[in-house]
Amino acid sequence: MKLFRFNGGRIGVTLDSRSLDLTDALGVDTTAWPPVQMVQLIADFERRMDGIARHAKVREIDLTAVRLDVPIEWPNKLLAYPVNYVKHGEEMKSSNRADRNGFFLKANSSLSGPREDIVLPDLPGREIHHECELGIVIGRQGKHITRENALDHVFGYACLIDMVVRGTEERVMRKSYDTFCPFGPWITTADEVADPANLQARLWVNDELKQDANTRDLIVDIPEMIVTASRVATLYPGDIIATGTPEGVGPVVRGDRIRIAIEQVGEMSIDVR
Ligand code: MN
């Protein structure tokens, strides 16, 4: 199924090709702050979703007629792996590799939705790059997760664009501007992804294909990302892990349109301003 947020924090699901508004059936308060309603749903998903499609307060909606919001707005953390494809390391002339460098953090507040623009900061002379990545959503809390159990902790997947200002400041700062992490357009639950180690991910700028790679070429694969992260920090439902980008990164400028598509997961287009 596909789980999404829309029209200012309402929660919906696409199930058997029908899209349903679950907000009232789940008792979701869209005005509550902090906006953790999706995280709470993921944490208690099976119980709260049991029989939901037959709930009297469920309404069918037209997914093309709503404004989609970022599916997770307020995770406990947003982790990302640097240089996790060999060819990206080569293009950056970087000796960093994810299997040696581990993960970094990106500010949760950089997350933005599939209908929001990327807003470039005013940094004359600086390059701001797109990075096409798969976002992994954690479904079950865990610490010291083993490789054989790792995928059991995955709730689902989404498209993720890791925007970054190139330069020498701390990486967390260069990647943490507001709107620097478009994420969505929905979360595709793990059961709908046949093999997360064989997903083609593509990114276009103004309809020109810039990045085109498969998750089979990740240096640190998805189970190992979960093992490595959970050795350090407890992973919580709703946490997001960005896989790292393949080769083909490059600058964007105001007026560009970025499209990201990951097979079996989703697709979204974002304007840059
Ligand atoms: Mn990245």
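Numbering of ligands and ligand atoms starts at 1, following listing order.
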Might you confirm whether atom [atom1] of [X] has over 12 heavy atoms from other residues, nucleotides or ligands at distances under 6.0 Å?
X	atom1	answer
Glu169	CD	yes
Asp207	CG	no
Glu60	CD	yes

> Does a salt bridge link Glu133 with Lys106, judged by any charged N lying under 4.0 Å from a carboxylate O?
Replying inline: no
Find, among atoms of [X] that are N, O or S, the one nearest to the Mn ion (ligand 1), and state its name.
X	answer
Glu131	OE1
Asp162	OD2
Glu133	OE2

